[in-house]
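What follows is one structure encoded as structure tokens, with my remarks underneath.
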Amino acid sequence: MEKQYNAKESEEKWMEFWEKENIYKFDANSKSEIYSIDTPPPTVSGKMHLGHSFSYSQQDFIARFQRMSGKNVFYPFGTDANGLATERMIEKMKNVKGQFMKRSDFVELCLKTLEEIRADFVYDWKRIGISADFNIFYTTIDRHSQKISQKSFLQLYKMGRIYKKKAPFIWCPECQTAIAQVEMKDSERQSNLVYMKFDTTLNEQITIATTRPELLPSCVAIHINPDDKRYKKFIGAKAIIPFLNREVKITANKDVDMEFGSGIVYHCTFGDMDDVRWMEEYNIEPIEILNKNGTLNEKAGRFKGLYVKEARKAVIKALEEEKRIAKTESIKHVVNVHERCDTDIEILTTEQWFIKYLDLKDDFIKFGRKIKWYPEHMRIRYENWIHGLKWDCNISRQRHFGIPIPLWYCKKCSEIILAEEKQLPVDPLTDKPLSNCKCSSNEFIAEKDVLDTWATSSLTPDIAIELFNDKEQKKLFPMSLRPQAHDIITFWLFNTVVKSYFHHKNIPWKEVMISGWALDPHGKKMSKSKGNVIEPREMISKYSADALRFWAAGSRLGDDLPFQEKDLVTGQKFTTKIWNASKFAFMHLSDYNKDDKENKKEKQKEKPKKIELMDRWILSKISRLAKECTENLMNYEYSHTKLATETFFWHTFCDNYLEIIKDRLYNSEKRGISPKISAQYGLYHSLLTIIKLMAPITPFITEELYQLYYKKHEKIKSIHIADWPSISLIDENAEKVGDFFVHILQQVRKVKSESNMSLKKPIKKITAKGRIPKENFEEIKEDLIATTNAEEIVFEQLDEKSDKEYDAIVEM
RNA sequence: GGGCCCAUGGUCUAGCGGCUAUGACGUUUCCUUCACAGGGAGAAGGUCCCCAGUUCAAUUCUGGGUGGGCCCACCA
């Protein structure tokens with residue numbers, strides 16, 4: 001055994017070993033209970049970040065625990081390669097523009113490129129020890145996923161849940177596609193609030209403040225709060241739009257904030273979703289002036305052809321020329337931008353596909369309550385989101401790369417012709433329907449839109465399960481667990497419940513575990529723009545994957561944890577310590593079974609006839625520990641397992657137990673062979689239990705130690721498929737006596753330390769006082785003399801009146 | 001504006017109606033050739049955010065406040 005543990009070498013070795021030996025392979029034919037995990041497929045655009053290593057480690061603790069507990073773990077791995085994020089990455093990598101290419105060519109390029117980078121991307125997950133079965137692999141864009149996603153679309157269509165509608169929706173002029181609510185993010189910026197003067201039919205001007213003067217040609221009404229005494233008189237009159245000399249109504253609207261700007265709102269097409277709502281409420285016709293690429297159209301009159309930002313300047317200039325600007329204020333405000341490209345979003349009326357689901361809010365909440373949430377309070381976020389839903393789910397995107405919406409339109413009668421399930425996956429642009437239209441026409445127009453990423457990612461349980469045959473599928477659904485972080489409860493989790501509701505009339509998983517986030521050292525979110533991003537690869541090469549996982553086990557499930565590099569040192573120290581302790585143990589266990597011939601016939605061949613009291617003590621203590629850890633892990637409380645095992649290992653096992661048994665191990669000629677075998681027995685089982693309890697958290701070092709010694713006795717190929725410890729050797733009296741031992745030992749150490757003595761220095765006499773039976777004291781006396789290095793120890797029984805449980809008088 | 005979570009020695013964290021409040025990092029004194037100096041034995045360091053209530057008893061339960069984080073909505 002090497003003097004020092006080489007984490008890098010060892011971790012790479014075992015990572016390859018696990019893969020080669022198929023340690024984590026799912027056995028579809030096994031009769032064991034299945035534990036299935038619907039893992040988040042990480043987005044391939046970009047490297048693994050620290051947040052990933054945090055939450056994936058946490059789910060892996062559970063996967064490994066369940067596997068060792070005898071479950072047949074179904075743990076597929078997928079990547080999310082669908083959607084805009086990927087499209088943009090490929091465009092950048094290959095220096096192309098999707099919109100100038102034939103769709104099929106572009107998609108082919110994307111698929112090819114993804115194939116090139118996949119191994120490198122997935123490597124990160126393997127490297128931190130994720131115990132998924134990487135052979136059960138999917139990407140959300142492969143043919144298999146396309147088929148399932150399109151099938152889902154067709155089924156929903158036939159259920160009457162899908163409709164196409166022309167409606168104002170959030171639009172990104174840069175990507176030129178509709179986007180979802182969740183794809184927007186806030187961007188705070190400095191803008192000018194321009195106070196514009198409009199003429200009115202009352203022959204008195206009104207002043208309106210806006211940050212978007214360029215929308216002026218699209219103004220359809222002016223809104224004033226009826227409670228506003230300043231402007232009340234204008235209600236019912238008309239305002240005249242500058243440059244266009246168009247009259248618009250001035251209406252009463254209670255939604256108007258009298259405090260903001262001048263207290264008057266000009267209602268445009270469309271400044272925000274309020275404008276859309278008001279349009280319906282007041283039955284006003286929109287005047288759309290924006291093209292899909294963000295330029296103004298002919299309805300904008302003299303501003304036609306300008307991009308929004310240019311138009312803003314031009315309108316302000318024109319207003320100035322007519323002396324219509326009262327003042328300009330510089331304000332800080334928040335605008336919505338597309339999270340992928342940081343472009344200001346607009347609201348445009350386009351034709352989009354929707355899933356109708358607003359009527360099912362109550363059912364979704366009911367389903368949410370059928371799932372067991374860890375931690376429980378995360379369910380409230382889910383319900384909150386559902387309560388706040390205002391629109392049906394938009395699922396169409398006007399992009400090249402994505403899963404095509406599987407239908408055509410009849411050229412003659414405009415009838416919709418759906419693809420048939422047997423022809424999936426289908427691309428309407430290159431494929432044709434299998435039969436003619438009812439009107440007997442065989443000419444079709446392809447639907448060009450593709451499905452939004454979430455329309456597919458919400459099917460990950462189906463995608464994974466449908467890789468198997470019908471019989472196996474039944475065993476796999478609903479899945480046991482959905483692990484993920486809390487930020488995507490509102491879309492990925494929610495959308496998956498929705499799809500499962502429609503397709504299975506059932507919840508997709510029985511339990512969900514929601515991880516927190518890895519934050520920067522000051523408790524702030526990590527982001528590229530703040531420059532506070534920590535690279536897991538760097539941390540792994542500097543410390544180790546085990547150290548990183550050890551850190552990830554340090555906070556309760558659901559809690560965010562600020563990352564501090566020094567915490568990785570703790571994990572690293574742990575691996576060193578357990579390496580050294582094992583080195584010691586294996587040295588003393590090398591002759592263990594050999595010396596034990598007399599018992600070899602029996603089943604428990606290595607069990608000695610008499611187990612010494614202090615060995616019964618450690619075995620009893622560790623039995624309790626194992627039980628506690630098992631219960632904790634059943635409830636996803638891996639942090640308790642880590643803390644309890646770590647503390648036990650370091651203090652109870654290393655500082656005390658190893659010191660106590662040294663004499664019996666080293667000096668068997670003096671102490672006898674039987675006490676030595678007893679110590680070996682205690683050592684063998686307590687260390688093995690510790691290694692097993694830590695195996696889910698630090699899989700590499702524990703595998704290394706298992707392979708070095710235990711494998712030849714335990715005969716199982718890897719510790720990660722060995723049995724979870726169910727050791728049950730509780731001995732209350734041994735615990736009581738052992739605790740007495742430890743207290744006396746501590747007392748002696750304290751006295752020595754306080755007088756600056758070496759712990760090895762002999763002492764004359766110890767008077768050990770306690771409440772244990774005298775005969776038990778005799779049993780531990782020799783160990784106690786050896787461990788404390790005392791010449792003489794006398795025992796005194798403490799009586800009932802004493803306020804102390806233990807006491808020791810040390811004479812030097 | 002709405003919701004959720006969190007608040008414990010300098011830093012991070014465990015915990016619980018009653019114990020001297022857990023552990024790690026850091027600080028500090030000493031020890032150490034026999035697994036480990038990336039170690040061991042000690043020490044110092046806390047009004048368990050504030051206020052009120054429930055209780056024989058509150059760091060723990062309830063209400064209010066303050067501060068932080070996240071999600072959602074709004075932002076003319």
Side-chain angles (χ1 to χ4, degrees), chain A residues 1 3-5 181-182 186 188 191 193 208-213 215 219 222-223 253 255-257 260-268 270-275 278 331-336 375 377-385 387-390 485-490 516-517 519 521-525 551 554-556 558-567 569-588 637 639-640 642-644 646-647 650-651 654-655 658-659 662 666 745-746 748-761:
Chain A
M1 198 167 166
K3 197 167 186 323
Q4 294 210 324
Y5 174 58
Q181 234 176 305
V182 292
D186 289 351
E188 194 176 67
S191 309
L193 186 61
I208 296 158
T210 182
T211 53
R212 303 211 52 187
L215 292 179
C219 179
I222 305 287
H223 296 286
N253 186 337
D255 294 343
V256 175
D257 179 358
F260 187 91
S262 65
I264 302 177
V265 176
Y266 91 132
H267 183 184
C268 301
F270 303 92
D272 57 43
M273 283 315 259
D274 268 347
D275 289 342
W278 291 342
I331 58 159
K332 239 190 189 166
H333 78 150
V334 175
V335 294
N336 288 321
H377 68 256
M378 291 295 181
R379 196 193 76 242
I380 296 166
R381 285 201 191 191
Y382 168 87
E383 294 191 3
N384 248 349
W385 168 255
H387 286 304
L389 281 175
K390 282 183 188 148
H486 54 54
D487 54 330
I488 49 175
I489 290 174
T490 54
W517 273 13
L519 304 173
H522 310 287
K524 301 261 188 265
K525 199 168 151 175
W551 165 75
S555 84
R556 273 182 324 199
D559 276 10
D560 296 341
L561 185 63
F563 175 83
Q564 312 208 47
E565 197 170 329
K566 68 182 176 69
D567 291 336
V569 177
T570 314
Q572 199 182 29
K573 278 184 167 180
F574 173 80
T575 54
T576 306
K577 184 79 177 174
I578 201 168
W579 174 264
N580 285 319
S582 301
K583 196 165 71 180
F584 169 83
F586 299 163
M587 184 171 85
H588 289 287
E637 284 162 358
S639 61
H640 288 111
K642 180 219 142 198
L643 185 71
E646 180 192 7
T647 314
W650 212 287
H651 301 293
C654 290
D655 295 347
L658 291 186
E659 294 305 320
K662 269 183 185 171
Y666 278 114
L745 180 58
Q746 279 172 345
V748 172
R749 283 170 174 168
K750 191 173 173 179
V751 171
K752 284 184 177 178
S753 185
E754 277 169 357
S755 43
N756 294 350
M757 280 168 63
S758 160
L759 291 180
K760 293 223 161 143
K761 189 157 183 194

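The shown structure was predicted, so the numbers you read here are calculated from the model rather than taken from an experiment.
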Using the [atom1] atom on both, measure [N] against [M] and round to a whole Å.
N: B/rC72; M: B/rU59; atom1: P; answer: 37 Å
N: B/rA7; M: B/rU60; atom1: P; answer: 11 Å
N: B/rU47; M: B/rC12; atom1: P; answer: 16 Å
N: B/rG63; M: B/rA73; atom1: C1'; answer: 28 Å
N: B/rA24; M: B/rA14; atom1: P; answer: 15 Å
N: B/rC30; M: B/rC36; atom1: P; answer: 23 Å
N: B/rG18; M: B/rC61; atom1: P; answer: 11 Å
N: B/rC75; M: B/rC48; atom1: C1'; answer: 41 Å

Note to self: My understanding is that only residues two or more places apart in sequence, or in another chain, count here; which of them pass salt bridge (Lys or Arg N to Asp or Glu O under 4.0 Å) with A/R381?
What the structure shows: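 With neighbours one apart ignored, the set is empty.
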
Nucleotide forming a Watson-Crick or wobble pair with [N], both distances under 3.5 Å:
N: B/rG18; value: B/rC56
N: B/rA41; value: B/rU29
N: B/rC36; value: none
N: B/rC49; value: B/rG65
N: B/rC70; value: B/rG3

Of the nucleotides [options], which one has an atom closest to the side chain of [X]?
X: A/D560; options: B/rG69, B/rG40, B/rA43; result: B/rG69
X: A/H640; options: B/rA14, B/rG39, B/rA41; result: B/rA14
X: A/K577; options: B/rU11, B/rG39, B/rA24; result: B/rG39
X: A/K3; options: B/rC36, B/rG40, B/rU11; result: B/rC36

Checklist line | Intermediate values then yes/no, side-chain contact (heavy atoms from CB on, under 4.5 Å), A/I489 and A/W385 | finding: CA-CA 9 Å; A/I489 290 174; A/W385 168 255; over 6 Å; no

Go through the structure and list residues passing side chain to side chain donor-acceptor pair (under 3.5 Å) with [X], not counting sequence neighbours.
X: A/D567; value: none
X: A/E659; value: A/K662
X: A/D487; value: A/W517

Next item on the list: Walk me through it: do A/D255 and A/H223 pass the test side-chain hydrogen bond (donor to acceptor under 3.5 Å, both in side chains)?
Entry: CA-CA 9 Å; A/D255 294 343; A/H223 296 286; over 6 Å; no

Restricting both atoms to N or O, compile the protein contacts to nucleotides 3-5 of chain B shorter than 3.5 Å, with distance only.
{"unit_1": "B/rG3", "atom_1": "O2'", "unit_2": "A/N384", "atom_2": "ND2", "d": "2.4"}

When the distance from [atom1] of [X] to [atom2] of [N] is rounded to whole Å, what number comes out?
X: A/L643; N: B/rU22; atom1: CG; atom2: C1'; result: 7 Å
X: A/E754; N: B/rA44; atom1: CD; atom2: C1'; result: 13 Å
X: A/H223; N: B/rC75; atom1: NE2; atom2: P; result: 12 Å
X: A/L561; N: B/rC6; atom1: CG; atom2: P; result: 15 Å
X: A/D186; N: B/rC74; atom1: CG; atom2: P; result: 10 Å
X: A/K573; N: B/rC25; atom1: NZ; atom2: C1'; result: 8 Å
X: A/R379; N: B/rC72; atom1: CZ; atom2: P; result: 19 Å
X: A/E637; N: B/rU13; atom1: CD; atom2: P; result: 17 Å

Under 4.0 Å, counting only non-hydrogen atoms across every strand here, what does [X] touch: a base, just sugar-phosphate, or nothing?
X: A/K566; result: base
X: A/L658; result: base
X: A/W650; result: sugar-phosphate
X: A/Y266; result: sugar-phosphate
X: A/D655; result: sugar-phosphate
X: A/C654; result: base
X: A/A585; result: nothing
X: A/D272; result: sugar-phosphate

Next item on the list: Determine the interplanar angle of the A/F563 and A/W551 rings, folded into 0 to 90°, and report it as parallel if under 30°, tilted if 30 to 60°, perpendicular if over 60°.
Entry: perpendicular

Taking only side-chain N and O atoms of [X], does any of them lie within less than 4.0 angstrom of OP1 or OP2 on [N]?
X: A/H588; N: B/rC34; value: no
X: A/K390; N: B/rC72; value: no
X: A/K642; N: B/rA14; value: no

Margin query: Measuring only between side-chain heavy atoms, which start at C-beta, is A/K573 closer than 4.5 Å to A/W650?
Written below: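 Sidechains of A/W650 and A/K573: in contact.
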
Please enumerate all residues that pass side-chain contact (heavy atoms from CB on, under 4.5 Å) together with [X], with sequence neighbours excluded.
X: A/I331; value: A/L193, A/T211, A/E329, A/H333
X: A/M273; value: A/V276, A/I347, A/W391
X: A/L658; value: A/A581, A/F584, A/F653, A/C654, A/I661, A/L683

Notebook entry, point to check: Checking A/K583 side chain against A/K3 main chain: does a donor-acceptor pair fall under 3.5 Å?
Noted result: yes

Notebook entry, point to check: Between the side chain of A/D275 and the main-chain N/O of A/D272, is any donor-acceptor distance below 3.5 Å?
Noted result: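 Side chain of A/D275 to backbone of A/D272, a donor-acceptor pair under 3.5 Å: yes, one is there.
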
Margin query: Assuming nearest nucleotide by heavy-atom distance, tell me which of A/Y5 and A/V256 is located more 5' along RNA chain B.
Written below: A/Y5

Note to self: Judged by each residue's nearest nucleotide on RNA chain B, which is more toward the 5′ side, A/E646 or A/P562?
What the structure shows: A/P562

Under 3.5 Å, which protein N or O atoms sit close to an N or O of nucleotides 29-31 of chain B? Give each pair with its distance.
none

